[in-house]
2 protein chains.
Amino acid sequence: MEKQYSLNEIKSCPVEYILNINDTLNVLSGKWRLPIIGSVLYGKKRFTDIQRNIPKISPRMLSKELKELELNGVLVRKIHHTIPVLVEYELSESGKLITEVLDKMIEWGIQHRKAVLQKS
Amino acid sequence: MEKQYSLNEIKSCPVEYILNINDTLNVLSGKWRLPIIGSVLYGKKRFTDIQRNIPKISPRMLSKELKELELNGVLVRKIHHTIPVLVEYELSESGKLITEVLDKMIEWGIQHRKAVLQKS
DNA sequence: TATAGCACTATACTAAAGTATAGTAAATTG
DNA sequence: CAATTTACTATACTTTAGTATAGTGCTATA
């Protein structure tokens with residue numbers, strides 16, 4: 001078993017600090033991750049639904065990003081073995097919590113924009 | 001004058017929501033941004049100090065990233081017109097607040113790691 | 001006078017991320 | 001029975017991000 005660190009211990013430990021931030025950044029960075037998460041934020045969606053929500057995404061990119069987000073444990077892919085097959089994507093429990101990070105980002109974004117405007 | 005939105009209004013408005021998140025993500029993403037911010041987090045540093053903190057960064061990358069972070073208003077570049085010139089980099093007031101976002105990222109990273117481990 | 005430190009810049013390159021376009025296989029609709 | 005929908009995959013390409021290596025102009029030190 002690996003040692004479990006408390007939040008405070010990790011904050012004072014650069015290596016674990018960086019690992020966790022990178023995990024989170026990996027989920028959010030790239031051109032399409034945020035739009036995809038936004039699309040499934042308020043309920044499960046099908047491939048083409050997401051495609052319609054994000055008009056400029058190619059099916060190749062959508063497929064690729066959905067796969068990675070599923071692999072990361074952020075999205076859950078549900079296959080209904082009906083005829084024809086129906087595939088639905090939704091946020092995992094953990095995926096839903098990413099909104100807390102997003103909210104902090106909005107907060108920082110707003111204050112930063114204000115700060116930058118005041119200087120110029 | 002542009003209309004100012006409250007945090008709650010922006011949360012319910014996808015466009016402003018996304019803009020602010022992207023601003024924040026732009027400050028944090030890329031291979032070297034986080035290490036650089038980490039290096040100046042506890043006080044101002046000189047070019048070569050940062051380089052020593054991040055052994056694998058090339059001067060080209062460090063110079064490029066420092067410039068962009070300064071342009072974004074996250075870092076402040078201070079030139080001391082001594083002979084020879086001395087240049088110091090430090091986080092702006094707004095830049096210091098990015099730690100709040102980082103803390104949330106650590107929190108999410110830790111809980112996500114646990115969640116993923118429990119499933120496997 | 002030679003060597004090293006500081007704060008970079010320039011040029012050329014490779015690797016990763018993203019785009020464009022077409023195609024597949026099964027079923028459904030007119 | 002031809003066209004459309006769903007959920008993708010394949011191939012080739014371009015763009016962006018990052019690397020490698022060398023060099024600049026200044027000063028300080030041995």
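Chain letters run A, B, ... following the sequence lines, proteins first and then strands; every chain starts at 1. Keep in mind that the numbers below use all heavy atoms, side chains included, and drop hydrogens, waters and symmetry copies.
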Sugar-phosphate, base or nothing in reach of A/Lys56, heavy atoms under 4.0 Å: nothing

Sugar-phosphate only, base, or nothing, as touched by B/Ser58 at under 4.0 Å among non-hydrogen atoms: nothing

Kindly compute the distance separating [atom1] ([X]) from [atom2] ([Y]), expressed to the nearest 0.5 Å.
X       : Y        : atom1 : atom2 : answer
B/Thr24 : B/Leu102 : OG1   : CG    : 10.5 Å
A/Gln51 : A/Ser63  : CD    : OG    : 10.0 Å
B/Leu75 : B/Ile36  : CG    : CD1   : 7.5 Å

Counting only N and O atoms by type, is there a donor-acceptor contact under 3.5 Å from the side chain of [X] to the main-chain atoms of [Y]?
X       : Y       : result
A/Asp49 : A/Lys45 : no
B/Arg52 : B/Phe47 : no
B/Ser92 : B/Val74 : yes

Stepwise salt bridge (Lys or Arg N to Asp or Glu O under 4.0 Å) check, B/Lys78 with B/Glu88: CA-CA 5 Å; B/Lys78 282 194 178 155; B/Glu88 284 177 320; over 6 Å; no

More than 12 heavy atoms from other groups under 6.0 Å of CD1 on B/Ile83: no

Under 4.5 Å between side-chain heavy atoms, hopping through other hydrophobics if needed: is there a path connecting [X] to [Y]?
X        : Y       : value
B/Tyr42  : B/Leu34 : yes
B/Leu69  : B/Leu97 : yes
A/Val116 : B/Val76 : no

Any pair counted as ring-ring contact (aromatic ring centres under 6.0 Å, His included), so long as it reaches residues 73-109 of chain A, sequence neighbours left out: A/Trp108-A/His112

For [X] and [N], give me the distance from atom [atom1] to atom [atom2], rounded to whole Å.
X       : N      : atom1 : atom2 : answer
B/Glu65 : D/dT19 : CD    : P     : 10 Å
B/Leu62 : C/dT9  : CG    : P     : 10 Å
A/Arg46 : D/dC8  : CZ    : P     : 11 Å
A/His81 : C/dA26 : NE2   : C1'   : 15 Å
B/Ile79 : C/dC6  : CD1   : P     : 18 Å
A/Gln51 : C/dA20 : CD    : P     : 14 Å
B/Ile57 : D/dT21 : CD1   : C1'   : 16 Å
B/Leu86 : C/dA7  : CG    : C1'   : 10 Å

Looking only at the side chain of [X] (C-beta and beyond, no hydrogens), which of the listed nucleotides [options] gets closest?
X       : options              : value
B/Ser63 : C/dT9, C/dC8, D/dC8  : C/dT9
A/Arg52 : D/dT6, C/dT9, D/dA7  : D/dT6
A/Val87 : D/dA22, D/dT9, D/dA7 : D/dA7
A/Met61 : C/dG18, D/dA7, C/dC6 : C/dG18
B/Thr48 : C/dC8, D/dC8, C/dC6  : C/dC6

Write out a two-atom table: protein N or O, nucleotide N or O from nucleotides 11-15 of chain C, distance below 3.5 Å.
from   : atom 1 : to      : atom 2 : distance (Å)
C/dT11 : O4     : B/Arg60 : NE     : 3.1

Side-chain heavy-atom pair B/Val101, B/Leu28 within 4.5 angstrom cut-off: yes

Please write out each protein N/O paired with an N/O of nucleotides 24-27 of chain D under 3.5 Å, distance rounded to 0.1 Å.
none

Salt bridge (Lys or Arg N to Asp or Glu O under 4.0 Å) between A/Arg33 and A/Glu68, intermediate numbers included: CA-CA 10 Å; A/Arg33 296 281 167 91; A/Glu68 288 213 44; 3.5 Å; yes

Net bend of the helix from C/dT1-D/dA30 to C/dG30-D/dC1, end axes of five pairs each, nearest 10 degrees: 10°

Partners meeting salt bridge (charged side-chain N to carboxylate O under 4.0 Å, His left out) with B/Glu70 (sequence neighbours left out): none

DNA chain D contacts made by residues 23-34 of chain B, counting heavy atoms under 4.0 Å: B/Gly30, B/Lys31, B/Trp32

